[in-house]
Amino acid sequence: MKRNHGRPLSVVRILLFIALWIGVLTLLRRRYVFTAPDESILRIGIENPGTQIELVEPVSDVQPNPRVISVRTTTTRFDLRSLVQLRGLVHINDAATALRFVRLRTSRDYCYSWRTRSTPQEIVSFHQCALPEFNDTGSAKTRWESGTYGVLSDAAYRIGRFEPPKVTPARGAYRIVRWVCIYSPPEGIAVEQWEERVTTEGGYHRTVLRRLPPPKLPDTRWYIYGLH
């Protein structure tokens, strides 16, 4: 009677395979805890097929610990640190999608997710917060005080001589000029006028046209909540 020597070997291989996957999953969980798919996926509307932008929640004993913007493609995953990283993963069809693209960096919804020392926020007025074309600034979800997260009262916006973003075609790309406030939490440290150029495949370049101290405006304090 022949003995079956293959079965024990197969069991050992299966156990080794399971142990390997447990190790891989453990390493992944040390870095990320994925939120529910319906809550974590950012549907911006400019992603190429196979590209998904998500919010992931790092595992850390330090609280509060904001979610990180992560990009997943069919071949890789990486944390988003700059809009430059999205080149080739998005499509910019018109002025509206170009503006939506650059506002990902300054949206109040994700301002703590970029893990940078300074926090840029597009300067908008109370009136603009109620307009659909300003929804992607993240301004319409709560009540604001003038100067917080770049949101100004209508009077302060007018006295400060700020203007809405201007988007114009420029040699196969789009040129966006807009005003932002730079915060080093909790205080605003500068007001800048940016010129941003976005190509159809998501190429990005930014130039600071003007940099000024935050102006003193009626009933306005330039501040943002810090993570402490």
Side-chain angles (χ1 to χ4, degrees), residues 42 44-46 69 82-84 86 92 94-114 116-171 173-199 202-227:
L42 304 185
I44 303 172
I46 57 175
I69 301 175
S82 168
L83 293 178
V84 174
L86 291 175
I92 309 300
D94 50 31
T97 52
L99 188 56
R100 189 183 310 156
F101 175 74
V102 298
R103 279 177 169 169
L104 176 63
R105 181 62 185 91
T106 55
S107 172
R108 276 151 274 276
D109 291 333
Y110 319 120
C111 65
Y112 296 113
S113 297
W114 290 85
T116 55
R117 292 183 179 180
S118 60
T119 303
Q121 297 283 264
E122 184 177 321
I123 298 175
V124 300
S125 69
F126 287 173
H127 172 70
Q128 290 167 345
C129 290
L131 301 177
E133 56 264 38
F134 287 87
N135 285 345
D136 48 14
T137 67
S139 297
K141 294 187 177 181
T142 187
R143 184 175 180 179
W144 303 97
E145 296 178 0
S146 186
T148 59
Y149 297 87
V151 182
L152 297 177
S153 68
D154 294 346
Y157 190 87
R158 183 178 63 256
I159 294 171
R161 297 183 178 181
F162 295 108
E163 297 178 340
K166 295 180 180 178
V167 187
T168 54
R171 297 181 181 179
Y174 292 92
R175 175 178 180 264
I176 301 106
V177 176
R178 59 182 180 143
W179 286 96
V180 300
C181 180
I182 308 299
Y183 293 88
S184 180
E187 301 295 331
I189 59 174
V191 164
E192 295 182 348
Q193 188 181 43
W194 286 0
E195 178 189 75
E196 298 163 286
R197 289 182 178 268
V198 180
T199 64
Y204 178 77
H205 179 75
R206 181 178 71 215
T207 302
V208 178
L209 300 178
R210 299 176 66 186
R211 180 179 173 92
L212 306 167
K216 295 182 179 180
L217 300 170
D219 301 316
T220 297
R221 178 191 169 198
W222 299 91
Y223 79 96
I224 189 173
Y225 293 107
L227 293 176

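Since this is a predicted model, take the numbers as computed values, not measurements. The first residue in the sequence is number 1, and the count goes up from there.
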Student: Quick one: ring-ring contact (aromatic ring centres under 6.0 Å, His included) partners of Phe101, sequence neighbours excluded?
Tutor: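 Here no residue qualifies.
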
Student: Going from CG on Asp136 to CG on Leu99, what distance comes out if it is rounded to the nearest 0.5 angstrom?
Tutor: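 Between atom CG of Asp136 and atom CG of Leu99 there are 6.0 Å.
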
Student: Report yes if the side chains of Ile224 and Tyr112 come closer than 4.5 Å at any heavy-atom pair, otherwise no.
Tutor: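 Yes; the side chains approach each other to less than 4.5 Å.
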
Student: Does the side chain of Pro165 reach to within under 4.5 Å of the side chain of Trp194, using non-hydrogen atoms?
Tutor: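 The answer is no; the side chains never approach within 4.5 Å.
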
Student: Do you know which two heavy atoms are closest between Pro214 and Gly188, and how far apart they sit?
Tutor: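 Residues Pro214 and Gly188, closest heavy atoms: CG-O, 3.6 Å.
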
Student: Please list, chain by chain and in numerical order, all residues satisfying salt bridge (charged side-chain N to carboxylate O under 4.0 Å, His left out) with Glu145, sequence neighbours excluded.
Tutor: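 Testing Glu145 for salt bridge (charged side-chain N to carboxylate O under 4.0 Å, His left out), a comparison that skips the adjacent residues, returns none.
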
Student: To the nearest 0.5 Å, how far apart are CD in Gln128 and CD in Glu133?
Tutor: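 Taking CD in Gln128 and CD in Glu133, the distance rounds to 8.5 Å.
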
Student: Output the distance between atom CG (Leu83) and atom CG (Leu86), rounded to the nearest 0.5 Å.
Tutor: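 CG of Leu86 is found 6.0 Å from CG of Leu83.
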
Student: When the ring planes of Trp179 and Phe162 are compared, do they come out parallel, tilted or perpendicular, using 30° and 60° as the limits?
Tutor: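 Judged by the thresholds at 30° and 60°, the geometry between Trp179 and Phe162 is perpendicular.
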
Student: Enumerate the salt bridge (Lys or Arg N to Asp or Glu O under 4.0 Å) contacts for residues 152-168, please, sequence neighbours excluded, ordered by first and then second residue.
Tutor: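 Matches after skipping sequence neighbours: Glu163-Lys166.
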
Student: Decide yes or no for Arg105 and Thr116: does some side-chain heavy atom of the first lie under 4.5 Å from some side-chain heavy atom of the second?
Tutor: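 Contact flag for Arg105/Thr116 side chains = yes.
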
Student: Rounded to the nearest 0.5 Å, what separates atom OH in Tyr225 from atom SG in Cys111?
Tutor: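 Between Tyr225 OH and Cys111 SG, I get 12.0 Å after rounding to 0.5 Å.
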
Student: Keeping the roles fixed (side chain from Thr97, backbone from Asp94), state whether a donor-acceptor pair exists under 3.5 Å.
Tutor: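 The answer is yes, because a donor-acceptor pair under 3.5 Å joins these two groups.
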
Student: For Trp222, check ring-ring contact (aromatic ring centres under 6.0 Å, His included) against everything at least two apart and list the hits.
Tutor: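 For Trp222 there are no ring-ring contact (aromatic ring centres under 6.0 Å, His included) partners, ignoring immediate neighbours.
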
Student: Supply the atom-to-atom distance Ile123 CD1 to Tyr157 OH, rounded to the nearest 0.5 angstrom.
Tutor: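 If we round to the nearest 0.5 Å, Ile123:CD1 and Tyr157:OH are 8.0 Å apart.
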
Student: Can you name the closest pair of heavy atoms from Val191 and Pro215 and give their distance?
Tutor: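 Scanning both residues completely, I find the closest heavy atoms to be CG2-CD, 3.7 Å.
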
Student: Locate the shortest heavy-atom distance separating Pro169 from Tyr174; write the atom from each residue and the value.
Tutor: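 Residues Pro169 and Tyr174, closest heavy atoms: CA-CD2, 4.1 Å.
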
Student: Going by side chain to side chain donor-acceptor pair (under 3.5 Å), name the residues that satisfy it together with Thr168, two or more places apart in sequence or in a different chain.
Tutor: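 Testing Thr168 for side chain to side chain donor-acceptor pair (under 3.5 Å), a comparison that skips the adjacent residues, returns none.
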
Student: State whether Glu196 and Arg206 are salt-bridged, where the test is any N-O pair (Lys NZ or Arg NE/NH1/NH2 against Asp/Glu carboxylate O) under 4.0 Å.
Tutor: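 The answer is no: the pair does not qualify as a salt bridge.
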
Student: What residues, two or more places apart in sequence or in another chain, satisfy side chain to side chain donor-acceptor pair (under 3.5 Å) together with Glu122?
Tutor: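 Arg103, Arg178.
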
Student: Would a 4.5 Å heavy-atom cut-off, applied to side chains only, mark Ile182 and Ser118 as touching?
Tutor: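 Yes, side chains in contact.
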
Student: Answer yes or no: is there a side-chain heavy-atom contact under 4.5 Å between Trp144 and Arg108?
Tutor: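 Yes. Closest side-chain heavy atoms under 4.5 Å.
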
Student: Under 4.5 Å between any side-chain heavy atoms of Thr148 and Tyr183, yes or no?
Tutor: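 No, every pair of side-chain atoms sits at 4.5 Å or beyond.
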
Student: Is the shortest side-chain heavy-atom distance between Ser146 and Leu217 below 4.5 Å?
Tutor: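 Answer no - side chains too far apart.
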
Student: Is any side-chain heavy atom of Val151 closer than 4.5 Å to a side-chain heavy atom of Cys129?
Tutor: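 Yes. Closest side-chain heavy atoms under 4.5 Å.
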
Student: Shortest non-hydrogen contact from Gly202 to Ile92?
Tutor: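 Minimum heavy-atom contact is N-CG1, 4.3 Å.
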
Student: Once rounded to the nearest 0.5 Å, what's the spacing between atom OG1 of Thr119 and atom OH of Tyr110?
Tutor: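 Going from the OG1 atom of Thr119 to the OH atom of Tyr110 covers 16.0 Å.
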
